[in-house]
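I have placed the structure first, in the form of structure tokens, so that the comments after it can refer back to it.
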Amino acid sequence: MQNKITVLIAVCILLLTGCGTSNIIEDLGIIQSVAFDMSESKENPIKTTVLFPTVTKEGTFDIQTLAANGKSTHDTFIKLQNLTNLKLVRGQNTILFGEELSKKGLMNVVETFERDPEFGARVKFAIVEGKGEDLLKKKIPSIKDNAEYLYTFIEKLGNQNKVLNTNKYRFLRDYYDDGIDPVLPVFSSEGENIEFKGLGTFKGDQYVTFLNLSETQILNLLSEDIKDGKLMISINKEESGENFQLFLSSINSEIDNKVNTGNMSVEIILDLKGSVLEYTGTMDLSEEKYQRQLEKQVEQYLVTNSKKLLIKLQEYQTDPIGIGSLIRNSMTYERWNKMKWDEIYSNLDVKVKVKVDLINTGKSK
């Protein structure tokens, strides 16, 4: 608690010294998180919910939320100022988008941040199943500050999986790039906890399909090189009926791509090395022949599930891997501009090859 108050005071000092008017700490409401949702009003379709800490003259710390409907985000912020005796200032770390608003399109909201220097480039973005407001207002005994919890949660996810390192800068970068589509993490406030559910992929600024945790892992492997990563997979062998789980750690993987703009095909080559931290199957991994057999099973799992993921992404015409960038960078921009990329992408021949090398067999059960 003392650390939180110290941080709050530090932020306030920056605000106080950065402007000509005098502000007093107990008169400020420093917004830590904002949720944008569709409201039930046709006249005022945007609902904005803000969460901010308050500190009294005696040093007592508390969390407060306010909500307002408006015609635009600026309209809602003006109305929010009229709902409190505090001066609301922007210092937010996390911005949440409700599911309905995300599917309708986010740029009308996000463009506000582009023009407002108070919204930093490293502000975290996320989607909430249902309404973002419900997550901000959710009372969880073990969590004193939902905004701080969400920020550190998203920060952890980004450190573990590069594809989940999402913020304002990356969302806008991928939105304006004609060869890739943005992604955002998806959270749920149902039950007793705030839960990370998977990844939302976009077509332009519209949230079009959801990737579960397994699909998110595959996307992460196909998108970028991985250093010291982790991977949990479940393998079901139909021929023998055997089911087992495999947990790989210390993963280092490299991606190589081969592009043929003549017949419009792409081959993604994944080279993965990792250690077996845990294995629940029946093979004795101390024997080399079984290690090689397990490597082949992991390769087949990754190829099969990569193909399933690619079919799903092509069906929804969303390209979070950046296959469009690979094609574009392999031809003249004039030719790229003349292409009907959406039509080509939906039917593009994309192959995946995987080479797995298990360098440490670890524990087995």
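Quick caveat, the model's predicted, so the values are computed rather than measured.
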Residues, nucleotides or ligands: over 12 heavy atoms within 6.0 Å of [X] [atom1]:
X      : atom1 : result
Glu190 : CD    : no
Lys71  : NZ    : yes
Phe210 : CZ    : yes
Lys308 : NZ    : no
Lys312 : NZ    : yes

- Let me see the working for Phe196 and Leu157 under side chain to side chain contact (heavy atoms under 4.5 Å, CB included), right down to the final yes or no. CA-CA 9 Å; Phe196 169 61; Leu157 292 173; 3.7 Å; yes
- Kindly say whether the aromatic ring centers of Phe247 and Tyr279 come within a distance under 6.0 Å.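 Judged by ring-centre distance (under 6.0 Å), Phe247 and Tyr279 do not meet the cut-off.
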Quick test of your reading of the model: are [X] and [Y] salt-bridged, counting only N-O distances below 4.0 Å?
X      : Y      : value
Lys296 : Glu299 : yes
Lys203 : Asp342 : yes
Asp134 : Lys138 : no

State whether the side chain of [X] and the backbone N or O of [Y] hold a donor-acceptor pair below 3.5 Å, judged by distance alone.
X      : Y      : result
Asn329 : Ser325 : yes
Gln291 : Leu285 : yes
Asp256 : Ile269 : no
Asn347 : Glu343 : yes
Glu99  : Gly130 : yes

Would you check if there is a donor-acceptor pair between the side chains of [Y] and [X] at a distance under 3.5 Å?
X      : Y      : answer
Asp178 : Tyr333 : yes
Thr304 : Gln300 : yes
Gln314 : Ser346 : no
Gln245 : Ser234 : yes

Nearest heavy atoms of [X] and [Y], plus distance in Å:
X      : Y      : answer
Leu309 : Glu215 : CD2-O, 3.8 Å
Asp225 : Glu254 : OD1-CA, 3.2 Å
Val163 : Val183 : O-CG2, 3.6 Å
Ile46  : Thr76  : O-CG2, 3.5 Å
Gln206 : Lys103 : NE2-O, 3.5 Å
Arg292 : Leu358 : NH2-O, 4.2 Å

- Message: The test is salt bridge (Lys or Arg N to Asp or Glu O under 4.0 Å); show your working for Asp271 and Lys273 and say whether it passes.
- Response: CA-CA 7 Å; Asp271 187 355; Lys273 295 179 175 62; 3.7 Å; yes
- Query: Step by step, would you call Leu248 with Leu277 a side chain to side chain contact (heavy atoms under 4.5 Å, CB included)?
  - Reply: CA-CA 6 Å; Leu248 301 179; Leu277 192 63; over 6 Å; no
- Evaluate ring pair (Phe, Tyr, Trp, His ring centres under 6.0 Å) for Tyr175 paired with Phe202, printing each intermediate quantity in order. CA-CA 9 Å; Tyr175 170 76; Phe202 284 71; 9.3 Å; no
- Task: Report yes or no: do Leu213 and Leu246 belong to one cluster of Ile/Leu/Val/Met/Phe/Trp/Tyr joined by side chain heavy-atom distances under 4.5 Å?
- Result: yes
- Query: Got a second to check how far Thr49's OG1 is from Lys137's NZ, nearest 0.5 Å?
  - Reply: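 The distance works out to 5.5 Å.
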- Message: Between Arg170 and Asp174, does the salt bridge (Lys or Arg N to Asp or Glu O under 4.0 Å) criterion hold? Intermediate values first, please.
- Response: CA-CA 6 Å; Arg170 180 172 175 178; Asp174 291 350; 3.7 Å; yes
- Can you check side chain to side chain contact (heavy atoms under 4.5 Å, CB included) on Val266 and Asp349, steps first, answer last? CA-CA 6 Å; Val266 173; Asp349 180 19; over 6 Å; no
- Taking the side chain as every heavy atom from C-beta outward, state whether Ser265 and Val350 have any pair of such atoms under 4.5 Å apart.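 The answer is no; the side chains never approach within 4.5 Å.
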- Message: Between Leu184 and Leu106, is the side chain to side chain contact (heavy atoms under 4.5 Å, CB included) condition met? List the steps.
- Response: CA-CA 12 Å; Leu184 290 179; Leu106 294 182; 4.2 Å; yes
